[in-house]
Number of protein chains: 2
Amino acid sequence: MATPGSGFWSFGSEDGSGDPENPGTARAWCQVAQKFTGGIGNKLCALLYGDSEKPAESGGSQPARATSRKATCACNQKPCSCPKADVNYAFLHATDLLPACDGERPTLAFLQDVMGILLQYVVKSFDRSTKVIDFHYPNELLQEYNWELADQPQNLEEILMHCQTTLKYAIKTGHPRYFNQLSTGLDMVGLAADWLTSTANTNMFTYEIAPVFVLLEYVTLKKMREIIGWPGGSGDGIFSPGGAISNMYAMLIARFKMFPEVKEKGMAAVPRLIAFTSEHSHFSLKKGAAALGIGTDSVILIKCDERGKMIPSDLERRILEAKQKGFVPFLVSATAGTTVYGAFDPLLAVADICKKYKIWMHVDAAWGGGLLMSRKHKWKLSGVERANSVTWNPHKMMGVPLQCSALLVREEGLMQSCNQMHASYLFQQDKHYDLSYDTGDKALQCGRHVDVFKLWLMWRAKGTTGFEAHIDKCLELAEYLYNIIKNREGYEMVFDGKPQHTNVCFWYVPPSLRVLEDNEERMSRLSKVAPVIKARMMEYGTTMVSYQPLGDKVNFFRMVISNPAATHQDIDFLIEEIERLGQDL
Amino acid sequence: MATPGSGFWSFGSEDGSGDPENPGTARAWCQVAQKFTGGIGNKLCALLYGDSEKPAESGGSQPARATSRKATCACNQKPCSCPKADVNYAFLHATDLLPACDGERPTLAFLQDVMGILLQYVVKSFDRSTKVIDFHYPNELLQEYNWELADQPQNLEEILMHCQTTLKYAIKTGHPRYFNQLSTGLDMVGLAADWLTSTANTNMFTYEIAPVFVLLEYVTLKKMREIIGWPGGSGDGIFSPGGAISNMYAMLIARFKMFPEVKEKGMAAVPRLIAFTSEHSHFSLKKGAAALGIGTDSVILIKCDERGKMIPSDLERRILEAKQKGFVPFLVSATAGTTVYGAFDPLLAVADICKKYKIWMHVDAAWGGGLLMSRKHKWKLSGVERANSVTWNPHKMMGVPLQCSALLVREEGLMQSCNQMHASYLFQQDKHYDLSYDTGDKALQCGRHVDVFKLWLMWRAKGTTGFEAHIDKCLELAEYLYNIIKNREGYEMVFDGKPQHTNVCFWYVPPSLRVLEDNEERMSRLSKVAPVIKARMMEYGTTMVSYQPLGDKVNFFRMVISNPAATHQDIDFLIEEIERLGQDL
């Protein structure tokens, strides 16, 4: 890893003896040239001196950081790309950077050195010879480095060091062997777009301050609605800070649609509302119900079949039951791609029931929505076009950097009516442009981060067909894993049959347990296997995969693949690693 | 602006004739050297040739992009920094970048060129000779460029062009003359930190996948609580996606504290709850009440004095009134720094009333919280230490890139009890590390963006004293503006007296209106002045400042200063510009 101030971007000598503004000698130029890697510096020096004359490396009796001179540059280039020979971070502080007078050169040098650190991390993220994680326990990590905040500023050398240290302990979520969450991978175009978003540093509430991003949100949401299958891509939507909030929006809008007076009068003015979702659905439905004053008791969990799909007949039974009690069913949230099993609820059957009982149909496709991009797999979401609202997180299966979650709503204008408060200092009605682009008042948030640009730019770069290829590849890899382990000694599948999504759920049964009868003791011992293997994985840092219990099933591994960097060899590696780490248990 | 592929990072010649891997001649090396700006290339060439021998510029009959060769590099540097002579973006696609085999060189070249585009934008952001905004109406912008999403991928040259175009139309929110929102400025360390956050691309829900960021959130929130004045910095908190959500959290937790059964049973199980906030408070209180099923009718707006501060006697009167009706006052949200006037509610008096009636005291210090960093100004928040919860947005007055909003809670554990749902696939109870660092279940969100790192790194770089200097400077600038216009012809202050925050609210009265009597016609004409001046500002692109009506006051300018790049000259410029654009009205 580069030392701050001598990163691969710096090509001026640090003690100033090779100041390229006053080169004087070939020696000084050669020192500059030596900062090039890949043998280029040597070749350049050879041209300057001839091989025999090449001087010793630079660096005299003075330590490299002993001189401090404020960087000033006479060039008129914007931005200046002159050698950063005299940028000495040990003597520079944040106050020396822009908007400081003469701040341009140190700023560019500093940002370029930060970029050098980030690029090293990017390259390492894809390097299978590096660890996925350099694990430290919380108390170790607190002690190993001084993380405290103080009154006095630190110099930029220290700031660069903090960047390096932070990345040293970070999890390489883009590593081909990181399978721990639904969001994995590191897309280069998405990353570039996210850097641009940070640089633009604006807010989604009005067209006035985010013109391009507001238009791109409009274009992108419309495209997503077209793909869902709503005629002409009509409807509404928003990018929200994550799937849980998107699901909460759906619940909020469904309630408002049925009882608009709830906005002013609150839940006291409406009958008891009941929401339905499967027992395998995401916990955010309950979280949302708690927050919205509906209460978790009013979220009825519908039974699933052995594959984790909602059973429509149970849904209908529970709806009738609620109605008989005088309660009002207002929302069914079907899941397209459950978190653990990757199951797709039968959306067509759910849609029929919702239609029959006039209930808002929401589809939580946070995880499964990506499959809509694949001609081969989109049938798994048949019926999604009949939903009233859909959660779809491109930051999961489509590999967009975190966060990027969309809530799509079929009826236009409903979000606005539900959430608007008409703040006159933000949504002035006498502006000189078309106010329909001031979309902020339909959000629960006031300020809203720009989440759309990374998705939009990736879409331009990959095309719909690129997302399709990505998704087809990940599903193929999941099938490869399934085919390997389904009959392999020491493995038991949590549910039968080929996975519908990339979730492959299985137990690894160590040799010592294979001989045991299927009784409570075995279950109890089996439940301890995955946590130990996982802990070992993290300590070795070789790979990461999630585990959990579910219902009456004790801890099992849930393998998911959303990272296009993963290959068959990485799947093979995972299996071997589980066996290596678990065979003694 | 650099053409993609010939950005200032590229220093190999594009047609390959100067391939530095096989330099052969001084001519080839000189071509490389010519890519250096600031006269360095010429000096280097002079050394290589002597002045007389310098060859003509490179570039023959072949267009620069005519050759396409996949970039491969023999150097073992990670990341490779070899010249990118043969990276031709017109022939490269996202699929050629990492994790593609041989993807490292094109990836680094691409990301470096993106960075070049971003650095140009950064430098321009601080350049007063550039426009704040290159305004286009929505329909123009939609027509001027093809923003549509398609099936087929675009090449990386097009992707780089999209980055440039997006920034061309972006608002320079870091420009010294951008005063439009509470969040302005572009902090270089904060920007670097946000780039790092994007690169780390992880999620705050567990220590397992965000060890450093989880610790930094812990350290930073503790420090913020210390500054608020809670003993030993004890308590709880979270970074949330914006002040509106932070305020909603406060309302949610306050309700849960009083009626924990609401989580399961919903609002049906609790009496009618009433929240109190001032008529000048942020609209998010009403938005939150609507969402949480409390209803906007149950948010009582307390009268303010002429400076926009809540009148405590009116608060007490309305609390008693609510109680007499059998309703239950559960929350008072005082504002420290109102959005329009920048007023600070009298927190000590509010705290006394909250204590007397046992009501949760929330302080919405989204905008004013930054003043806690200033020894000179923090008295304006006296009493905040008695609050039960505080919203504080470092992305406003402290200049942290968007978004960075904290909700601080005095009682530890309450957020967790209120929001936790124990998802077993995320918050496994048999992990091998201290589970108290898995903080995700106290959030409403499931996935949560890393918002802390930019604040933490800026704090290390500036120190508390650096934030103090920033805040003192912005307040001094506001006072400077106030002193200039309070007696200047053509200006009327919206409220009397020195501003408490950086909000300066005023009417500009064009000459034609100065002679009119203070009647309805004048008011009507005056109400049209600010919108027209603002529209002209945006079309000229010279500066941006917000306006709005408030209560019975017609459209007035609200000037706010949070950007440390602004100077006295920029304030002078604003005044002159308002007069230049408004004198004919």
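In the text below, chain A, chain B and the rest are named by the order of the sequence lines, each starting its count at 1. Keep in mind that what you see is a predicted model, and the values were worked out from it rather than measured. Side chains are part of it too, since the values below use all heavy atoms of this structure and drop only hydrogens, waters and symmetry mates.
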- Can you check whether B/Asp151's main-chain N or O pairs, donor with acceptor, with A/Trp459's side chain at less than 3.5 Å?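 No.
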- Query: Between B/Gly463, B/Pro549, B/Ala269, which shows the greatest number of heavy-atom pairs under 4.5 Å with chain A?
  - Reply: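 If we count pairs closer than 4.5 Å to chain A, B/Gly463 comes out on top.
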- Query: Has the side chain of A/Thr173 got a donor or acceptor atom that lies under 3.5 Å from a matching backbone atom of B/Thr202?
  - Reply: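 Not confirmed, A/Thr173 side chain does not pair with B/Thr202 backbone.
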- Message: Heavy-atom cut-off 4.5 Å, strictly under: side chain, backbone, both or neither for A/Lys431 against chain B?
- Response: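 Both the backbone and the side chain of A/Lys431 come within 4.5 Å of chain B.
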- For chain A, which of B/Glu264, B/Met267, B/Met458, B/Lys534 has the most heavy-atom pairs under 4.5 Å?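 Of the candidates given, the most pairs with chain A belong to B/Glu264.
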- Part of A/Tyr169 lying under 4.5 Å from any heavy atom of chain B: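 Contact with chain B involves both backbone and side-chain atoms of A/Tyr169.
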- Is there side-chain contact between B/Leu196 and A/Trp195, with at least one heavy-atom pair below 4.5 Å?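 Counting from C-beta outward, B/Leu196 and A/Trp195 never come under 4.5 Å.
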- Query: Which atoms of B/Lys223 come close to chain A, meaning under 4.5 Å heavy atom to heavy atom: side chain ones, backbone ones, both, or neither?
  - Reply: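 Just its side chain gets close to chain A.
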- Message: Within the 4.5 Å heavy-atom criterion, are B/Tyr425 and A/His282 side-chain neighbours or not?
- Response: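 Counting from C-beta outward, B/Tyr425 and A/His282 do come under 4.5 Å.
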- Query: A/Ala290, A/Pro176, A/Ser546: which one forms the most heavy-atom pairs within less than 4.5 Å of chain B?
  - Reply: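 So the answer, after comparing A/Ala290, A/Pro176, A/Ser546, is A/Ala290.
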- By a 4.5 Å heavy-atom criterion (distance strictly below it), what part of A/Ala291 contacts chain B: side chain, backbone, both, or neither?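 It is both, since atoms from each part get that close.
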- Rounded distance [0.5 Å steps], CD1 in B/Ile209 versus CD in A/Gln181: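 If we round to the nearest 0.5 Å, B/Ile209:CD1 and A/Gln181:CD are 4.0 Å apart.
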- Task: For B/Thr107 and A/Phe126, run side-chain contact (heavy atoms from CB on, under 4.5 Å): C-alpha distance rounded to whole Å, both residues' side-chain angles, the deciding distance at 0.1 Å, then the answer.
- Result: CA-CA 12 Å; B/Thr107 297; A/Phe126 293 100; over 6 Å; no
- Message: I'd like to verify something: which residue of B/Thr339, B/Val122, B/Thr95, B/Asn393 has the highest number of heavy-atom pairs under 4.5 Å with chain A?
- Response: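 Looking at each option in turn, the highest pair count goes to B/Thr339.
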- A/Leu167 CG to B/Thr199 OG1 distance, which is reported to the nearest 0.5 Å: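 It is 7.0 Å, given to the nearest 0.5 Å.
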- Any side-chain heavy atom of A/Cys163 sitting closer than 4.5 Å to one from B/Leu457?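 Yes; the side chains approach each other to less than 4.5 Å.
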- Message: Quick check on the interface: out of B/Pro138, B/Ala535, B/Pro99, who has the most heavy-atom pairs with chain A under 4.5 Å?
- Response: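 Heavy-atom pair counts peak at B/Pro138.
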- Query: Under a 4.5 Å heavy-atom cutoff, which of B/Pro241, B/Ala94, B/Gly242 has the most pairs with chain A?
  - Reply: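 Winner by heavy-atom pair count: B/Pro241.
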- Query: Under a 4.5 Å cut-off applied to non-hydrogen side-chain atoms, are A/Asn203 and B/Ser183 in contact?
  - Reply: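 In short, these two side chains do not touch, never coming nearer than 4.5 Å.
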- Query: Under a 4.5 Å cut-off applied to non-hydrogen side-chain atoms, are A/Leu141 and B/Tyr207 in contact?
  - Reply: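 Sidechains of B/Tyr207 and A/Leu141: in contact.
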- Query: Is chain B contacted by the side chain of A/Phe453, its backbone, both, or neither, given a heavy-atom distance below 4.5 Å?
  - Reply: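 For A/Phe453, side-chain heavy atoms alone lie under 4.5 Å from chain B.
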- Message: Can you tell me which of A/Leu216, A/Leu118, A/Asn419, A/Val189 forms the most heavy-atom pairs within a distance under 4.5 Å of chain B?
- Response: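 It is A/Leu118.
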- Message: Which residue is it: A/Gln152, A/Glu158, A/Gln154? I am looking for the one with a side chain to side chain contact (heavy atoms under 4.5 Å, CB included) to B/Arg460.
- Response: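 Of all the options given, the one that passes is A/Gln154.
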- Query: Pick from A/Gly174, A/Gly466, A/Ser424: which one has the most heavy-atom pairs with chain B under 4.5 Å?
  - Reply: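 If we count pairs closer than 4.5 Å to chain B, A/Ser424 comes out on top.
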- Is the backbone N or O of B/Val219 less than 3.5 Å from a side-chain atom of A/Glu148, with the two atoms forming a donor-acceptor pair by type?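 No: the side chain of A/Glu148 does not pair with the backbone of B/Val219.
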- Aromatic ring proximity B/His136/A/Tyr433, centre distance under 6.0 Å: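 No, ring centres 6.0 Å or more apart.
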- Message: With a 4.5 angstrom heavy-atom cut-off, is it the side chain or the backbone of A/Ile245 that approaches chain B, or both, or neither?
- Response: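 For A/Ile245, the contact with chain B is made by the side chain alone.
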- Test item: B/His432 and A/Met538 side chains (from C-beta on) under 4.5 Å apart, heavy atoms: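 Result yes, sub-4.5 Å side-chain heavy-atom pair found.
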- Task: Below 4.5 Å from any heavy atom of chain B, which atoms of A/Phe283 appear? Answer side chain, backbone, both or neither.
- Result: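 Contact with chain B: backbone and side chain both.
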- Task: Verify whether one side chain among B/Asp434 and A/Asn139 offers a donor that lies under 3.5 Å from an acceptor in the other.
- Result: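 On atom types as modelled, these side chains do not qualify, holding no pair under 3.5 Å.
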- Name the member of A/Pro531, A/Ala461, A/Ala244 that forms the most heavy-atom pairs with chain B at distances under 4.5 Å.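 Of A/Pro531, A/Ala461, A/Ala244, A/Ala461 has the most heavy-atom pairs under 4.5 Å with chain B.
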- Query: Just how far is it from atom CE of B/Met115 to atom CG of A/Leu108, taken to the nearest 0.5 Å?
  - Reply: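 Answer for the CE-CG pair, B/Met115 versus A/Leu108, is 11.5 Å.
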- Item | Approximate separation, where rounding is to 0.5 Å, of B/Leu97 CG and A/Leu186 CG |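 Nearest 0.5 Å value for the CG-CG distance: 11.5 Å.
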- Donor-acceptor side-chain pairing of A/Glu208 and B/Asn180 below 3.5 angstrom: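 Checked: A/Glu208/B/Asn180 side chains pair up, N/O donor to acceptor below 3.5 Å.
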- Item | Value rounded to 0.5 Å, distance of NZ in B/Lys528 from CG in A/Asp430 |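 The distance works out to 9.5 Å.
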- Item | Part of B/Phe135 lying under 4.5 Å from any heavy atom of chain A |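 Side chain of B/Phe135 only, per the 4.5 Å heavy-atom cut-off to chain A.
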- Student check: side-chain heavy atoms of B/Lys265 and A/Thr296 closer than 4.5 Å: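 SC-SC contact between B/Lys265 and A/Thr296 ruled out.
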- Query: Taking all atoms of both residues into account, what is the closest heavy-atom pair of A/Gln445 and B/Gln403, and its distance?
  - Reply: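 Shortest heavy-atom separation between A/Gln445 and B/Gln403 comes out as NE2-OE1, 3.7 Å.
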- Task: Can you measure from CD1 (A/Ile294) to NZ (B/Lys263) and round to the nearest 0.5 angstrom?
- Result: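 A/Ile294 atom CD1 to B/Lys263 atom NZ measures 15.5 Å (nearest 0.5 Å).
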- Let me know if B/Leu402 has heavy atoms under 4.5 Å from chain A in its side chain, its backbone, both or neither.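 Both backbone and side chain.
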- Does any heavy atom of chain B fall under 4.5 Å from the side chain of A/Tyr137, the backbone, both, or neither of them?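 A/Tyr137 touches chain B through backbone and side-chain heavy atoms alike.
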- Looking only at heavy atoms, what is the nearest atom pair of B/Leu111 and A/Ala192, with distance?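 The answer is CD2-CB, 4.1 Å.
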- Message: Please rank A/Pro401, A/Ser405, A/Pro564, A/Ala170 by heavy-atom pairs under 4.5 Å with chain B and give me the top one.
- Response: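 Of the options given, most contacts go to A/Pro401.
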- Query: Does any non-hydrogen side-chain atom of A/Ser198 lie less than 4.5 Å from one of B/Ser198?
  - Reply: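 They are in contact (side-chain heavy atoms under 4.5 Å apart), so the answer is yes.
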- Message: Given heavy-atom pairs under 4.5 angstrom as the criterion, report whether the side chain, backbone, both or neither of A/Leu149 touches chain B.
- Response: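 For A/Leu149, heavy atoms of backbone and side chain both lie under 4.5 Å from chain B.
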- Using a cut-off of under 4.5 Å on heavy-atom pairs, state which of B/Gln548, B/Met421, B/Met188 scores highest against chain A.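 Most pairs with chain A among the choices: B/Met421.
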